[in-house]
Colleague: 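Would you mind keeping the following structure in view while I ask a few things?
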Amino acid sequence: MFEAEKQQVEEKILQILRDKGIQDVKLTWGWIPFNGAWGIAAPFFPVAAQEARQGKNVQVPIRAQELAEEVARTLGTPAGFERVEAIKGYLNLYFSSREYAQRVIDQVLKEGSAFGKGTRLNQQVMVEFSQPNTHKAFHVGHLRSAILGDSISRILEFAGYDVIRANYPGDIGLHVIKWLWNYMKFHAGEKPPADATTRWMGDLYAEANRRLEENPELESEVRALYARWDKRDPEIVQLWEETREWSLQGFREMYKILDIHFDIYYFNSMVEHPGKEVVEELIQKGIARDERPEGPVIVKLDELLGLNEEKYRVLVILRSDNTALYATEDLALAKRKFSDYPNLHRSYYVVDVRQSLHFQQVFKTLELAGYEWATRCQHIPYELVNLPGNVVMASREGTVVLLEDLIREATSRALQVVEEKNPELTPEQKQQVAQAVGIGAIKYPMLARENTKIVTFDWQTALDFNGQAAPYIQYAHVRASSILRKGGGIPTEAAINYAMMPSELQLIDLISRFPKEVQRAASELKPLHIANAAYELAKTFSDFYNECPVLTAEEPIRNGRLRLVAATRQAIANALGLLGIHAPEVM
RNA sequence: GCCCCUGUAGCUCAAUGGACAGAGCACCUGCCUUCUAAGCAGUUGGCUGAGAGUUCGAAUCUCUCCAGGGGCGCCA
């Protein structure tokens with residue numbers, strides 16, 4: 001937007017500077033801090049500093065202001081701009097408000113749900129996220145990877161990538177065997193209750209741990225069961241498949257409610273044996289050292305890389321008893337991904353920060369093994385969701401908030417508010433609104449902060465629908481929708497030839513920045529930027545709502561504002577969409 | 001011992017190296033015969049953990065400390 005004008009002006013400015021004998025300068029453009037109007041700004045400090053470095057006796061801030069003033073004088077008022085000023089060493093170019101507003105609104109309404117979308121890059125990326133364990137509870141701590149990964153996927157897709165969403169459930173391992181042992185011995189033939197499958201699965205797992213703690217001698221039974229699994233005893237395999245499906249069914253239901261989907265499922269059990277093959281290969285290539293049976297199979301990364309200080313340390317890739325570890329499977333999984341999708345431009349892993357070293361080790365090991373794609377693997381770390389007092393959520397400790405409880409609480413609380421605020425809605429509408437608001441309220445706090453910051457979960461904050469939260473943004477969308485309904489839809493066109501109020505200008509400014517925010521969020525892999533953009537839009541729309549009557553305004557203001565409302569509504573909807581949050585029409 | 005992350009208002013968090021560091025929550029005061037009050041306006045609140053350095057300019061980059069959290073050869 002206004003790129004052409006900007007480039008023309010830049011060329012003129014550089015020419016003016018050249019005429020003054022100032023060569024080789026580069027202008028850096030930013031936005032003028034909002035002060036009632038808006039435009040672009042370039043600081044002249046670097047130019048003045050360059051002169052100073054070349055031996056000229058100048059005080060940089062003063063000289064910068066001088067230069068800006070001189071340029072402003074010579075430049076006049078270029079096409080596409082309304083006003084030029086030199087202030088505090090900056091050259092500020094104010095856009096022609098009407099022209100700019102017109103362009104922004106026209107563009108948004110023309111592009112609709114595609115507004116802000118990047119051009120297609122024809123680059124395939126995979127995002128692996130939400131690695132839930134079957135036969136265990138699904139708690140709020142597991143939610144961040146799911147929500148973050150989903151949003152990152154949406155953002156990358158919108159930014160122009162072809163995204164493959166991968167899930168990697170932990171469907172095998174000691175936890176599963178313990179569960180099976182408990183089930184076979186104490187719950188044989190039972191089925192999970194239809195409405196609380198995941199909770200029941202989690203309860204049985206906790207029960208298994210309890211029993212084993214109370215009677216450690218029973219561990220031998222678990223080990224025996226593991227051995228039967230290893231030999232693929234049909235009875236065990238069949239039970240495993242059946243019970244695993246119960247968990248997966250529960251997960252699917254939660255993903256559906258959360259509006260999260262996957263293109264492919266890689267199961268832990270799929271890469272157990274391939275992992276062992278990779279280990280053999282690494283041994284043969286001389287990368288891994290086989291210390292069996294006294295020790296495990298290890299990769300001495302720092303030694304292989306000739307590093308003097310410890311960086312990658314040592315990676316254990318197979319236990320001394322030949323059983324697979326997490327690392328064993330991750331080696332095979334990475335390989336599998338690139339064999340399924342050879343053209344992957346990037347392979348992202350949305351996994352908590354505690355596994356940073358682990359992923360560095362795995363990727364480096366694969367790189368040493370000669371897999372050129374290993375450098376295309378990237379871990380996206382995020383911090384945990386803790387309980388107040390920095391208590392980590394752990395199913396074994398019983399310090400968990402189950403996702404299903406949170407969803408139920410949030411939606412019922414939202415339903416309560418809808419009943420209060422909008423009793424005339426149909427029951428179906430109320431339910432839909434409650435779901436949108438409840439889920440939005442859950443997702444937003446996990447996205448509206450740096451990935452590397454801990455989220456502290458507490459019920460009060462989670463169920464607070466006021467202020468900087470998803471419902472506030474949704475509410476702005478609802479109000480905009482309401483105005484458009486009552487105003488008879490979106491006028492097909494409207495010339496802006498009236499003086500706009502500050503909030504109108506600021507709205508247009510925010511809307512016009514959205515495409516850049518999308519690109520930024522995509523390149524930094526941070527939904528935070530979108531969350532901020534959405535909130536800013538909603539906040540400014542609230543200002544507008546109070547400052548500028550729409551329906552009662554005279555023409556042509558009425559039509560102009562209706563189109564601005566429509567454009568804002570679209571921008572908010574697009575932003576919320578990238579966060580995986582619904583934008584309701586009523587609430 | 002080595003490595004990573006975090007430190008900004010009472011609390012939770014923002015801030016492409018740029019103009020007076022901004023929101024929300026909480027507290028207090030107002031505003032529903034005008035488009036949904038899940039809202040708005042106003043009041044209060046800061047030596048950006050400390051110190052140096054780089055820069056015209058640092059919450060942001062570098063270094064040294066301090067505090068908290070996390071990770072470091074057979075857990076996932």
Side-chain angles (χ1 to χ4, degrees), chain A residues 28 30-33 35 41 43-50 52-53 58-64 87-90 92 131 133 170 173-175 268 291-292 295-300 309-311 313-321 323 325-327 329 351-358 360-361 381 383-384 386 390 414 417-418 420-422 437 445 448-450 452-456 458 460-461 464-469 471-472 474-476 478-487 516 520 528-529 531-532 535-536 539 542-543 545-553 561 565 586-587:
Chain A
T28 53
W31 290 292
I32 302 170
N35 60 358
F44 274 73
F45 302 107
V47 184
Q50 181 178 314
R53 272 195 299 277
V58 294
Q59 275 199 296
V60 171
I62 296 170
R63 179 62 178 155
I87 185 167
K88 291 176 184 171
Y90 288 85
N92 290 343
Q131 303 83 351
N133 282 323
L174 190 57
H175 74 278
N268 202 314
E291 297 183 340
R292 286 172 296 178
V297 181
I298 58 173
V299 180
K300 297 188 128 182
E309 67 255 10
E310 8 178 37
K311 180 166 184 195
R313 298 165 179 275
V314 175
L315 178 64
V316 177
I317 57 174
L318 195 67
R319 287 198 189 89
S320 48
D321 66 358
T323 55
L325 290 126
Y326 192 45
E329 290 149 355
V351 182
D352 81 73
V353 67
R354 292 178 299 186
Q355 295 181 38
S356 288
L357 177 61
H358 164 81
Q360 279 189 53
Q361 292 176 322
E383 262 293 357
L384 302 182
N386 286 348
N390 228 8
V417 182
V418 189
E420 222 173 88
K421 305 279 177 189
N422 232 335
V437 169
R449 57 174 33 26
E450 286 286 350
T452 50
K453 277 198 172 151
I454 294 172
V455 173
T456 302
D458 72 273
Q460 206 188 331
T461 312
D464 187 357
F465 297 156
N466 299 316
Q468 191 163 2
Y472 176 88
Q474 292 169 317
Y475 187 58
V478 164
R479 280 173 147 185
S481 303
S482 174
I483 291 176
L484 292 172
R485 268 197 310 275
K486 292 189 173 162
K516 279 203 178 82
R520 189 176 165 210
L528 161 69
H529 298 308
N532 281 345
Y535 176 70
E536 292 287 320
K539 179 150 186 57
S542 290
D543 291 342
Y545 188 89
N546 287 290
E547 187 176 63
C548 306
V550 177
L551 301 179
T552 56
R561 285 188 178 160
V565 169
V586 290
M587 68 187 266

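Letters go in sequence order (proteins before strands), and every chain restarts at 1.
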Colleague: Name the closest nucleotide to the A:Thr452 side chain, picking from B:rU6, B:rU36, B:rA15.
Modeller: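 Out of B:rU6, B:rU36, B:rA15, the nucleotide with an atom closest to A:Thr452's side chain is B:rU6.
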Colleague: Measure from the side-chain heavy atoms of A:Val550 and tell me the nearest of B:rA19, B:rA15, B:rC35.
Modeller: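 Per side-chain heavy atoms of A:Val550, the pick is B:rC35.
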Colleague: Is the closest basic N to carboxylate O distance between A:Asp352 and A:Arg354 below 4.0 Å?
Modeller: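 The answer is yes: the pair qualifies as a salt bridge.
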Colleague: Determine, step by step, whether A:Arg313 and A:Glu310 satisfy the salt bridge (Lys or Arg N to Asp or Glu O under 4.0 Å) criterion, reporting the C-alpha distance in whole Å, the side-chain angles of both residues, the deciding distance to 0.1 Å, and the verdict.
Modeller: CA-CA 6 Å; A:Arg313 298 165 179 275; A:Glu310 8 178 37; 3.2 Å; yes
Colleague: Which whole-number value in Å describes the distance from A:Gln474 CD to B:rU36 C1'?
Modeller: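 Answer to the nearest Å: 15 Å.
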Colleague: Write down the distance between CZ (A:Arg479) and P (B:rG39), rounded to a whole number of angstrom.
Modeller: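 Roughly 8 Å, once rounded to whole Å.
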Colleague: Which is true for A:Phe465 with a 4.0 Å heavy-atom rule: it touches a base, it touches only sugar-phosphate, or it touches nothing?
Modeller: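 Base: the residue A:Phe465, judged by heavy atoms under 4.0 Å, touches a nucleobase.
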Colleague: What heavy-atom pair brings A:Pro43 and A:Thr28 nearest, and what distance separates the two atoms?
Modeller: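 That would be CD-O, 3.1 Å.
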Colleague: Counting primed atoms plus P, OP1 and OP2 as sugar-phosphate and everything else as base, spell out the protein contacts along nucleotides 67-76 of chain B at 4.0 Å heavy-atom distance: B, S or - for each nucleotide, 5' to 3'.
Modeller: --SSBBBBSB
Colleague: Start with the C-alpha gap between A:Ile87 and A:Asn92, add the side-chain angles, then the distance that decides, and say whether side chain to side chain contact (heavy atoms under 4.5 Å, CB included) holds.
Modeller: CA-CA 7 Å; A:Ile87 185 167; A:Asn92 290 343; 3.4 Å; yes
Colleague: When all nucleic acid strands are considered with a 4.0 Å heavy-atom cut-off, which category describes A:Ile317: base, sugar-phosphate, or nothing?
Modeller: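 The residue A:Ile317 makes no contact with any strand.
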Colleague: Find out whether A:Asn466 and A:Tyr472 are in side-chain contact, i.e. whether some heavy atom of one side chain is under 4.5 Å from a heavy atom of the other.
Modeller: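 They are not in side-chain contact.
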Colleague: With A:Leu325, which of A:Val316, A:Val297, A:Leu315 fulfils side-chain contact (heavy atoms from CB on, under 4.5 Å)?
Modeller: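 Exactly one candidate clears the test, A:Val316.
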Colleague: How is A:Arg520 classified with respect to the nucleic acid when contacts are heavy atoms under 4.0 Å: base, sugar-phosphate, or nothing?
Modeller: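 Contact class for A:Arg520: sugar-phosphate only.
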Colleague: Which part of the nucleic acid, if any, lies within reach of A:Val586 when heavy atoms closer than 4.0 Å are counted: base, sugar-phosphate only, or nothing?
Modeller: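 Here A:Val586 touches the bases of the nucleic acid.
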Colleague: Taking B:rG71 as the reference, what is the distance to B:rC75 when you measure between their P atoms (whole Å, please)?
Modeller: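 About 15 Å, rounded to a whole number of Å.
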Colleague: Using the P atom as the point on both nucleotides, what is the distance between B:rG10 and B:rA67, in whole Å?
Modeller: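 That atom pair is separated by 22 Å.
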Colleague: Give the B/S/- string for nucleotides 22-30 of chain B, one per nucleotide from 5' to 3', where a protein heavy atom under 4.0 Å of the base yields B, of only the sugar-phosphate yields S, and otherwise -.
Modeller: -BSS-----
Colleague: Start at the 5' end of RNA chain B and walk down; is the nucleotide closest to A:Ser356 or to A:Ser482 reached first?
Modeller: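 Residue closer to the 5' terminus by nearest nucleotide: A:Ser356.
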Colleague: If you measure from CG on A:Asn390 to OG1 on A:Thr456, what distance do you get to the nearest 0.5 Å?
Modeller: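 If I round to the nearest 0.5 Å, the distance is 6.5 Å.
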Colleague: So which one's nearest nucleotide on RNA chain B is more toward 5', A:Asp543 or A:Lys88?
Modeller: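 Looking at RNA chain B, the more 5' nearest nucleotide goes with A:Lys88.
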Colleague: Show me the dot-bracket string of RNA chain B, counting Watson-Crick or G-U pairs under 3.5 Å, with | for pairs to another strand and [ ] for crossing ones.
Modeller: (((((((..((((....[...))))..((((.......))))......(((((..]....))))))))))))....
Colleague: Pairs under 3.5 angstrom, nitrogen or oxygen only, protein versus nucleotides 53-59 of chain B, please.
Modeller:
residue: B:rC56; atom: OP1; partner: A:Arg53; partner atom: NH1; Å: 3.3

Colleague: Just confirming the chi classification of B:rC27, syn or anti, using 90° around 0 as the syn window.
Modeller: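 Because its glycosidic torsion lies more than 90° from 0, B:rC27 adopts the anti conformation.
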Colleague: Check ring-ring contact (aromatic ring centres under 6.0 Å, His included) between A:Phe44 and all other residues, then give those that pass, not counting sequence neighbours.
Modeller: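 In terms of ring-ring contact (aromatic ring centres under 6.0 Å, His included), with neighbours along the sequence ignored, A:Phe44 is linked to no residue.
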Colleague: Identify each atom pair where a protein N or O and an N or O of nucleotides 60-64 of chain B are less than 3.5 Å apart, giving names and distance.
Modeller:
none

Colleague: Rounded to the Å, how far apart are A:Tyr475 OH and B:rU36 P?
Modeller: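 Computing the A:Tyr475:OH to B:rU36:P distance gives 8 Å.
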Colleague: A:Tyr545 pairs by side-chain contact (heavy atoms from CB on, under 4.5 Å) with which of A:Val565, A:Ile483, A:Val550?
Modeller: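 Going through the options one by one, the only one that passes is A:Ile483.
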Colleague: Scan A:Val565 against the nucleic acid and name what it touches under 4.0 Å (heavy atoms): base, sugar-phosphate only, or nothing.
Modeller: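 A:Val565: no heavy atom of the nucleic acid under 4.0 Å.
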Colleague: Is B:rG71 in the syn range, within 90° of 0, or in the anti range?
Modeller: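 Anti, which is what one calls it when the glycosidic angle falls more than 90° from 0.
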Colleague: Nearest-Å distance, OH (A:Tyr472) to C1' (B:rU36)?
Modeller: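 Distance, rounded to whole Å: 14 Å.
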Colleague: Do the rings of A:Tyr326 and A:His358 sit parallel, tilted or perpendicular, given the 30° and 60° boundaries?
Modeller: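 A:Tyr326 and A:His358: parallel rings.
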Colleague: What is the nucleic acid contact for A:Val297, judged by heavy atoms within less than 4.0 Å: base, sugar-phosphate only, or nothing?
Modeller: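 Nothing, no heavy atom under 4.0 Å.
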